[in-house]
Protein chains: 2
Amino acid sequence: MSNAWQEDVQAAVAAGIRISDQHIVDKVRRAVLTQRLPPGTRLPEVTLGEVFGVSRSVVRKALTRLAADHVVDQRPNQVARVRAPSIEETRETFAARRLVEGEVVALLAGQLDDAAQLALEQEAQREIEAHRRGDEPARIEHSLALHHRLAELSPNRVLGAMLTDLILRTSIVIALYKRPSLASCYLDGDHPRLLTQLRAGEPERAREVVDEHLRALENLLDLGPRETETDLMAILGRPSPAEA
Amino acid sequence: MSNAWQEDVQAAVAAGIRISDQHIVDKVRRAVLTQRLPPGTRLPEVTLGEVFGVSRSVVRKALTRLAADHVVDQRPNQVARVRAPSIEETRETFAARRLVEGEVVALLAGQLDDAAQLALEQEAQREIEAHRRGDEPARIEHSLALHHRLAELSPNRVLGAMLTDLILRTSIVIALYKRPSLASCYLDGDHPRLLTQLRAGEPERAREVVDEHLRALENLLDLGPRETETDLMAILGRPSPAEA
DNA sequence: GAAGTCATTTTTGTATACAATGAATCGACG
DNA sequence: CGTCGATTCATTGTATACAAAAATGACTTC
């Protein structure tokens, strides 16, 4: 529990910044996203409280909100843990994101003002540069920022909020299931290609580009079938017909 | 604050049923859905605590979760209130639900086993009967149950959970914006038509039926531009022509 | 009479104490 | 030696006390 993560937080506390449940939510979310808090990590209330310099009341509210955001598992009488979505849920999350982000970019195609379009292209450009110089954390940062901006720009705010949630959840599972052999989950040209379609104002082409992009991303992951508790239960629970 | 709603709850408490934050969430959600707690209603923590016979700790957790579910507004240092989504948000919620529920039924078409299909048809039948005898609460109950079952049956659980959320939110705004002249928001034949397509296994037809159903439902609402505070200002500022 | 200001009250924010639950450890027994 | 069981420890669940903030209302002043 005493890792680099603590230092950031304690620095912030020392700097006199007011800590509220929102701060804790943000910090933990970021830490999970960047895998400084790997899935399964225990998050005891008192420990978190000490780290942030607040009491359990505040921590509890933060954990409840993180549970609503699918970032942590909060089960009765048990310590909260960083959630580790299953392979199946990972596939389903990607499918949901394809649907929602596809719709968002279809709505957005041809509707962006110059400032918004430029901001998106800037993020794409910076992602490319970060990739060129091999700065993977920066690349992820800009890639996330681009998608996050799309969610914010969505004319349908309900869909936008749903997309924000799905971006977070896919990021978590990407960190979780990334093939160790791959240095990066960078898909060359995908983001610029999307921006071209957005500028051209072709909703269905934009939707297709997003769909392909997310499918390619999912294929970069190692989602081979893996043993889960439930499968084991099913197998051990009821004897097979051959067993009598 | 002393309405029929309290009685139900106090009965439950008296019956010795254990009250937890989940119970409070359920109860409030139901009460909001059935408009026993109309939008804007103040939900002070102590009052709620007294009603349910628990302390503020439990109530607070429930309110936080209800806020995450978009049922209540929880703003710092202010009493939580039942949320009243704007007209714009209502339209966006319907659009989101068309997208998600359309996808869910497309996934479901031709994939339902007999038990599931039968359960759905039973709900549809009961809705029709309730409508025939003019029992609107029962009709709503069965209509909601049908859609809720679709969400549960979704092979993609992530989409299913999103749909559950959207069903709740649309129900709230239907109660909020229903034309007073209409006795019911019943659309004759829509649900049986959907079930036919599900059984026939035609994903795209099922998607279309859902899309049309939800558009028709939205059109039953009174979503004309309404006075917000600013509009009120404008109206009260200048007397109407007939008023002199 | 209207507007601003200050005290009062209501309500939420936070910390903490105690109860209850679950996990872990150690020991006894087969 | 392994397994079952009870005790101990760690951790969450709940209630409550106090602090801080916002809403209310009365009062003063112009």
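Here the structure is a predicted model, which means the values were calculated and not measured. Proteins get letters first, then strands, A, B, ... in listed order; numbering begins at 1 in each.
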Kindly indicate whether the side chain of A/Leu214, heavy atoms from C-beta on, has any atom under 4.5 Å from the side chain of A/Glu218.
-> no
B/Glu45 has a side chain; which of C/dG13, C/dT16, D/dA15 sits nearest to it?
-> C/dG13
Ion pair check, B/Glu89 and B/Arg169, cut-off under 4.0 Å = yes
Taking only residues two or more places apart in sequence or in another chain, which ones pass side chain to side chain donor-acceptor pair (under 3.5 Å) with B/Arg30?
-> B/Glu141
Between C1' of D/dT12 and CG of A/Leu63, the distance in whole Å | 11 Å
Could you state the CD1-C1' distance from A/Ile24 to C/dA15, rounded to the nearest angstrom?
-> 14 Å
Nucleotide N/O of nucleotides 8-10 of chain C paired with protein N/O under 3.5 Å:
none

Quick note, B/Val54 side chain, CB onward, closest among D/dA15, D/dT12, C/dT12 is D/dA15
Round to a whole Å and report the spacing from CG of A/Asp21 to C1' of C/dA15.
-> 15 Å
Once you round to the nearest 0.5 Å, how far does CG of A/Leu146 lie from CD of A/Gln122?
-> 11.0 Å
Are B/Glu88 and B/Arg91 close enough for a salt bridge, meaning some N to O gap below 4.0 Å?
-> no
Decide whether A/Ser181 and A/Arg179 meet the rule of one side-chain donor and one side-chain acceptor closer than 3.5 Å.
-> no
Within residues 74-85 of chain B, those residues having any heavy atom closer than 4.0 Å to DNA chain D are B/Asn77, B/Gln78
Tested for side chain to side chain contact (heavy atoms under 4.5 Å, CB included) against A/Val72, the lone hit among A/Leu66, A/Val32, A/Thr41 is A/Leu66
Could you state the NZ-C1' distance from A/Lys61 to D/dG13, rounded to the nearest angstrom?
-> 18 Å
Shortest side-chain distance from A/Arg56, nucleotide among D/dA15, D/dT12, D/dT16 = D/dT12
Here the gap from A/Leu150 atom CG to A/Glu123 atom CD, rounded to the nearest 0.5 Å, amounts to 10.5 Å
Give the rounded distance in Å between these two atoms: NE2 of B/His23 and P of D/dT14.
-> 11 Å
Establish, with yes or no, whether the OP1 or OP2 oxygen of D/dA15 is under 4.0 angstrom from a side-chain nitrogen or oxygen of B/Ser55.
-> yes
Can you tell me how far the OG1 atom of B/Thr170 sits from the CZ atom of B/Arg98, to the nearest 0.5 Å?
-> 11.5 Å
